[in-house]
A.B. asks: 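Structure provided below as structure tokens; questions to follow.
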Amino acid sequence: MVRALGVAVVGFGWMGRVHSRAYARVPHHYPRLGVRPDLVAVAEEVPGRAEEAAAQFGFASATRDWRELAADPRVEAVSITAPNFLHREIGTAMAAAGKHIWIEKPVGLGLADARAVADAVAAAGVQGAVGFNYRNAPAVETARDLIAAGEIGAVTHARVRLFSDYAAHPDSALTWRYERERGGSGVLGDLASHGADLARHLLGDITELTADSAVFVTHRPRPTGAVAGHARATGGAPGPVGNEDYVGCLLRFASGARGVLEACRVSVGEQNAYGFEVHGTKGALFWDFRRMNELGVSRGTAYQDQPVSRVYVGPGDGEFGAFQPGAANAMGYDDLKVVEAYRFLRSIAEGRPYGATLGDAVRSAAVLEAMERSVSSGGWIAVRP
């Protein structure tokens, strides 16, 4: 027996659309899941956008006030895809109202916000999921299994990189993303949060780090009207950028492994260049998000001159089998969010967490906070969640 579960979305920019599509697709890929998401409400403060969402995606009702969703008995679970500065207020309110929450990273403006939302979820006894979607790639899950099984020996060092050009144009609008008060950190919260999660997911806890950051595009034009995504605002009055474009970081793991994490939002010539390289005493693993369904694998007994094989993930890897029947059939970004939605809904159906949790968000936020403290002090900083 499959029961309908009332879900709502708060914030309907690009990510709100991604969440809505994911809910709609879950029954197609996971027909045996015990619950079926029912899109009952959407909230978006930009005039007309919520009504547009309802018309396009079939939400039963639309509002500009997210508080109406907290009071709506039809709503059992909520996706929070609003800007960072609203995460804490909305997340804690929804949890207190007894709603399960699926919230986008970085969960607020810093570690205190992430902890507050995590504590609210725990106190309410509801389920909480976080948008660390890259860990859901079948190749990433396969890499994690190979590392855990000792297939590349003891991990010695790793590099995680997240380079993008979405903010490279100097006319990119000075939206909340570039303001310290509303966006919090810059590329730290946007991209390095994913990097911290991937590093932990693959290699375990990060214990110490030292970091450097920089702002390369120091001023941007203010938007003259409502904007979405990374729109340009040519001709708007210029204003100062309040958070970093780039961060580079050396990591020490509890296992004794070493790592490098680097992220940049103004990397001209790089579009979603996200990935990792993990080296061990007997082999190595290589993954690039732009070739999401491939994993470079080097293992054996040669050590020197050991070759690297390109492996295509297949139905036995992660959740690949829910989407494609055989290896080398491609999955895409939106599929990772369907996996995320499925794990969130499964958590609700079974009453125990699956996938990335608020605890993972707190640990990622602790790494980011340590990076900021290291930038200020110029030294090594212990990571304390």
Side-chain angles (χ1 to χ4, degrees), residues 1-12 15-43 53-54 57-61 66 69-70 72-82 87 90-91 94-105 107 117-118 120-122 124-138 140-141 197 201 318-324 331-361:
M1 181 69 179
V2 177
R3 80 172 185 90
L5 181 83
V7 300
V9 175
V10 179
F12 213 78
M15 188 54 70
R17 294 173 183 272
V18 172
H19 277 232
S20 300
R21 289 195 296 267
Y23 283 129
R25 290 177 55 195
V26 163
H28 305 163
H29 297 280
Y30 299 97
R32 295 179 179 83
L33 181 64
V35 296
R36 175 182 55 79
D38 185 15
L39 300 177
V40 297
V42 58
F57 289 89
F59 288 95
S61 61
W66 62 263
L69 275 55
D72 191 335
R74 299 173 303 163
V75 176
E76 298 176 72
V78 180
S79 279
I80 301 171
T81 63
H87 286 183
I90 298 174
M94 291 297 179
K99 318 296 186 186
H100 306 284
I101 65 171
W102 175 14
I103 187 168
E104 277 303 316
K105 55 84 215 166
V107 189
V117 178
V121 165
V126 297
Q127 296 297 321
V130 179
F132 289 133
N133 42 269
Y134 299 110
R135 63 156 59 191
N136 299 327
V140 173
E141 298 198 85
D197 182 68
H201 189 60
E319 295 292 332
F320 187 92
F323 297 85
Q324 299 294 350
M331 287 178 64
Y333 176 88
D334 276 24
D335 296 330
L336 301 184
K337 301 306 278 191
V338 175
V339 173
E340 204 165 276
Y342 158 68
R343 288 173 172 167
F344 173 49
L345 296 169
R346 184 180 178 187
S347 297
I348 296 170
E350 299 184 16
R352 61 193 184 98
Y354 290 91
T357 68
L358 269 299
D360 293 309

A.B. asks: Would M94 and V10 satisfy side-chain contact (heavy atoms from CB on, under 4.5 Å), going step by step from the backbone distance to the final call?
C.D. replies: CA-CA 11 Å; M94 291 297 179; V10 179; 4.1 Å; yes
A.B. asks: Look up atom OG in S20 and atom CZ in F57, then write down how far apart they are to the nearest 0.5 Å.
C.D. replies: 5.5 Å
A.B. asks: Salt bridge (Lys or Arg N to Asp or Glu O under 4.0 Å) with R135: which residues, sequence neighbours excluded?
C.D. replies: D197, D360
A.B. asks: Just to verify, what does E76 make a side chain to side chain donor-acceptor pair (under 3.5 Å) with, not counting sequence neighbours?
C.D. replies: R3
A.B. asks: With sequence neighbours left out, write down each residue that passes side-chain contact (heavy atoms from CB on, under 4.5 Å) with V18, or none if nothing qualifies.
C.D. replies: W14, M15, R21, Y333, D334, K337
A.B. asks: Provide the closest heavy-atom pair for I101 versus A95 in the form atom of the first, atom of the second, distance.
C.D. replies: CG2-N, 4.4 Å
A.B. asks: What's the shortest heavy-atom distance between N133 and L336, and which atoms?
C.D. replies: O-CD1, 3.7 Å
A.B. asks: Using atom types as modelled and distance alone, determine if a side-chain donor or acceptor of T81 lies under 3.5 Å from a backbone N or O of V9.
C.D. replies: no
A.B. asks: For K99, enumerate each residue passing the salt bridge (Lys or Arg N to Asp or Glu O under 4.0 Å) test, keeping only those at least two apart in sequence or located in another chain.
C.D. replies: none
A.B. asks: How long is the straight-line distance from OH of Y23 back to CH2 of W102, given to the nearest 0.5 Å?
C.D. replies: 5.5 Å
A.B. asks: Any chance you could lay out the side-chain hydrogen bond (donor to acceptor under 3.5 Å, both in side chains) test for E104 and H19, step after step, and finish with the verdict?
C.D. replies: CA-CA 10 Å; E104 277 303 316; H19 277 232; 2.7 Å; yes
A.B. asks: V107 and A361: which non-hydrogen atoms are nearest, and at how many Å?
C.D. replies: CG2-CB, 3.7 Å
A.B. asks: What's the shortest heavy-atom distance between Y134 and V140, and which atoms?
C.D. replies: O-CG2, 3.5 Å
A.B. asks: Between A97 and A70, which heavy-atom pair has the shortest distance, and what is it?
C.D. replies: CB-O, 3.4 Å
A.B. asks: Show the nearest heavy-atom pair for residues A8 and L69, with the distance to one decimal.
C.D. replies: CB-CD2, 3.5 Å
A.B. asks: Got a sec, which residues hit salt bridge (Lys or Arg N to Asp or Glu O under 4.0 Å) with D72, two or more places apart in sequence or on another chain?
C.D. replies: R74
A.B. asks: Under a 3.5 Å distance rule, please check whether S61 uses its side chain to pair with a backbone N or O of A41 as donor and acceptor.
C.D. replies: no
A.B. asks: Mind checking what makes side-chain contact (heavy atoms from CB on, under 4.5 Å) contact with D335, not counting sequence neighbours?
C.D. replies: R25, F323, M331
A.B. asks: What residues form a salt bridge (Lys or Arg N to Asp or Glu O under 4.0 Å) with R343, not counting sequence neighbours?
C.D. replies: E141, E319
A.B. asks: Kindly write out the residues that satisfy side-chain contact (heavy atoms from CB on, under 4.5 Å) with R32, not counting sequence neighbours, or none if the list is empty.
C.D. replies: none
A.B. asks: Suppose we screen for ring pair (Phe, Tyr, Trp, His ring centres under 6.0 Å). Which residues come up paired with H87, at least two apart in sequence or across chains?
C.D. replies: none
A.B. asks: Please list, chain by chain and in numerical order, all residues satisfying side-chain contact (heavy atoms from CB on, under 4.5 Å) with A77, sequence neighbours excluded.
C.D. replies: L5, V7, H100, F344, I348
A.B. asks: What residues form a ring pair (Phe, Tyr, Trp, His ring centres under 6.0 Å) with Y342, not counting sequence neighbours?
C.D. replies: Y30
A.B. asks: Looking at A129, is its backbone amide N or carbonyl O close enough to the side chain of T357 to form a donor-acceptor pair, meaning the two atoms are under 3.5 Å apart?
C.D. replies: no
